[in-house]
Amino acid sequence: SVSLSSKSFNYDGKAKSPVPVIKNRNGDVLQPDIDYTYVYDQSSRIKTGRYSVTIFFINKYSGTSTLYFDILQSGPAKAGATLYGFNDIKVTWSKVSGASGYKVYYKKSTATTYKNYKTTKNLYLKFVDLAGNTKYNFKIVPTFKDGRKAGSKIVSATTLKKLNQPTIKKIANGRVSLNWQCISAASGYQVWWSKSKSGKYSKLCDYSNKYTGVSFSVGKNQKYWYKTRAYKKVGKSKIYGPWSDPKAFTLR
């Protein structure tokens, strides 16, 4: 097997010199100047582009092999991904000098490869109607009219979703417990209640943490409807998920 210690580098103004990594059919590592020598196609390997390394086998080994590596234009220095709707994500990045546009690849974090991308000349892209309660990875790659390759920047964000109906049960002494579904992206949860399913709801509680339940007192034989939703803090604002379907409960 014949390979290089690295196949690509981001441009940083310094010469790149990946070294060959060579093994024989028994898995033994071959030694430079004993089993092989190698030369680079250019003495100065600083600029962006593709370069080659030619390997010459010597002594008990024979033949040649040519491998390639790339010096890539640097990707964006900064990037971010934030919710702007419960299942909508805005991806932003810093400008890359000389770039003619940007490709933004995206995938669910559980997927092994990026299969989709969108292109833009702006420094942002919006992704709408994504799957709920799902982490997405975004890879920003600048493009250039001269065809040079570029490095990338990867960011991620997780969507919210409509919660399941809360679970409610009597505990003791005129109190009930209400629990709601926990989702990974939430900064907090709200519980609202009403005396009728389609009536006016008011806030029962707001927890800006990972609590998934609350207990409280209610009047005996009084029927209330309860609904819950998750939210995500984005700066000084909150992005709210959809309300769950209301759940009725009467303390007996």
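The first residue in the sequence is number 1, and the count goes up from there.
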Apply the test side-chain contact (heavy atoms from CB on, under 4.5 Å) to residues Arg229 and Ser244: give CA-CA distance (whole Å), side-chain angles for both, the deciding distance (0.1 Å), then the verdict.
CA-CA 6 Å; Arg229 66 178 175 180; Ser244 69; over 6 Å; no
Nearest 0.5 Å, what's the OG-CD1 distance between Ser152 and Ile140?
8.0 Å
Do Tyr106 and Val91 share a hydrophobic cluster (ILVMFWY, side-chain heavy atoms under 4.5 Å, transitive)?
yes
Can you tell me if NZ on Lys197 sees more than 12 non-hydrogen neighbours from other groups inside 6.0 Å?
no
Does some side-chain heavy atom of Tyr11 sit less than 4.5 Å from a side-chain heavy atom of Ile46?
yes
Donor-acceptor contact present, side-chain Asp35 to main-chain Gln31, <3.5 Å:
yes
Are the side chain of Ser237 and the backbone of Gly235 linked by a donor-acceptor contact shorter than 3.5 Å?
no
Fit a plane to each ring of Tyr211 and Tyr207, take the angle between them on a 0 to 90° scale, and name the class: parallel (under 30°), tilted (30 to 60°) or perpendicular (over 60°).
perpendicular
What are the two closest non-hydrogen atoms of Cys205 and Val214, and how far apart are they?
SG-CG1, 4.1 Å
In the single-linkage hydrophobic clustering (I, L, V, M, F, W, Y; side-chain heavy atoms under 4.5 Å), do Phe144 and Ile71 co-cluster?
no
Heavy-atom closest contact (Tyr102 atom, Asn122 atom, distance)
CD1-O, 3.5 Å
Minimum side-chain heavy-atom gap Thr54-Asp41 below 4.5 Å
no
Any chance you could measure Ser100, atom OG, to Lys145, atom NZ, to the nearest 0.5 Å?
6.5 Å
What one should report as the nearest heavy-atom pair of Ser156 and Ala81 is O-CB, 3.8 Å
Can a donor-acceptor pair be found, under 3.5 Å and without considering hydrogens, that links the side chain of Asn179 to the backbone of Ile168?
no
Correct closest heavy-atom pair for Leu83 and Thr159 would be CD2-CA, 3.9 Å
Before giving the answer on ring-ring contact (aromatic ring centres under 6.0 Å, His included), spell out for Tyr201 and Tyr226 the whole-Å C-alpha distance, their side-chain angles and the decisive distance to 0.1 Å.
CA-CA 8 Å; Tyr201 284 79; Tyr226 303 87; 9.0 Å; no
Side chains of Leu130 and Tyr136 in contact at under 4.5 Å (non-hydrogen atoms)
yes
Inspect the surroundings of OH in Tyr124 and state if more than 12 heavy atoms from other residues, nucleotides or ligands are less than 6.0 Å away.
no
Heavy-atom pair of closest approach, residues Pro20 and Ile55:
CB-CD1, 4.0 Å
Once salt bridge (charged side-chain N to carboxylate O under 4.0 Å, His left out) is applied, do any residues pair with Asp206, and if so which ones, sequence neighbours excluded?
Lys203, Lys238
Check the pair Ser215 / Val176 against side-chain contact (heavy atoms from CB on, under 4.5 Å), numbers first and verdict last.
CA-CA 6 Å; Ser215 63; Val176 298; over 6 Å; no
Taking atom CD of Gln190 and atom CH2 of Trp243, what is their separation to the nearest 0.5 Å?
5.0 Å
Has the side chain of Asn26 got a donor or acceptor atom that lies under 3.5 Å from a matching backbone atom of Asp28?
no
Give the ring-plane orientation class for Trp193 versus Tyr224, where under 30° counts as parallel, over 60° as perpendicular and anything between as tilted.
parallel
Taking all heavy atoms of Lys227 and all of Pro246, pick out the closest pair and write down the distance.
CB-CA, 4.3 Å
Checking Lys107 against Lys139 for the side-chain contact (heavy atoms from CB on, under 4.5 Å) test, could you report, in this order, the C-alpha distance in whole Å, the side-chain angles of both residues, the deciding distance, and whether it holds?
CA-CA 9 Å; Lys107 69 180 184 71; Lys139 181 168 67 172; over 6 Å; no
Nearest 0.5 Å, what's the CG-OG1 distance between Leu125 and Thr119?
8.0 Å
Using the six-membered ring wherever Trp is involved, compare the ring planes of Tyr105 and Tyr114 and label them parallel, tilted or perpendicular (cut-offs 30° and 60°).
perpendicular
Rounded distance (nearest 0.5 Å) linking atom CG of Asp70 with atom NZ of Lys7
10.5 Å
Do Lys162 and Asp245 sit within salt-bridge range, that is, some charged N less than 4.0 Å from a carboxylate O?
yes
Are Val21 and Phe57 linked, directly or through intermediate hydrophobic residues, by side-chain heavy-atom contacts shorter than 4.5 Å (ILVMFWY only)?
no
Does a side-chain heavy-atom distance below 4.5 Å link Ile183 with Thr158?
no
Would you check, one step at a time, whether the test salt bridge (Lys or Arg N to Asp or Glu O under 4.0 Å) holds for Arg148 with Asp146?
CA-CA 6 Å; Arg148 80 183 98 153; Asp146 58 11; 3.0 Å; yes
Does some side-chain heavy atom of Ile154 sit less than 4.5 Å from a side-chain heavy atom of Phe138?
no
Heavy-atom check, side chain of Leu72 versus side chain of Phe9, under 4.5 Å
no
Please check if the side chain of Gln181 supplies one atom and the backbone of Leu163 the other of a donor-acceptor pair under 3.5 Å.
no
Ser17 and Arg45: side-chain donor and acceptor closer than 3.5 Å?
yes
Test item: Tyr68 and Leu4 side chains (from C-beta on) under 4.5 Å apart, heavy atoms
no
Going by heavy atoms in the side chains, are Ile22 and Tyr36 under 4.5 Å from each other?
yes
Is it true that Tyr117 and Val104 fall in one hydrophobic cluster, defined by side-chain heavy atoms closer than 4.5 Å?
no
hydrophobic_cluster_shared for Val53 and Leu30, side chain cutoff 4.5 Å:
yes
Ser194 side chain to Lys200 backbone, donor-acceptor under 3.5 Å
yes
At what distance, to the nearest 0.5 angstrom, does CG of Leu67 lie from OG of Ser52?
9.0 Å
Could I get the full list of ring-ring contact (aromatic ring centres under 6.0 Å, His included) partners for Tyr38, not counting sequence neighbours?
Tyr40
ring-ring contact (aromatic ring centres under 6.0 Å, His included) between Tyr51 and Phe69: does it pass, once the steps are laid out?
CA-CA 5 Å; Tyr51 299 87; Phe69 66 96; 5.6 Å; yes
In sequence, state the C-alpha distance, the side-chain angles, and the governing distance for Lys232 and Phe86, and then conclude on side-chain contact (heavy atoms from CB on, under 4.5 Å).
CA-CA 8 Å; Lys232 174 74 173 179; Phe86 83 93; over 6 Å; no
Is it the case that more than 12 heavy atoms not belonging to Asn173 sit under 6.0 Å from its CG atom?
no
Using modelled atom types and a 3.5 Å cut-off, is there a donor and acceptor pairing between side-chain atoms of Asp88 and backbone atoms of Lys126?
no
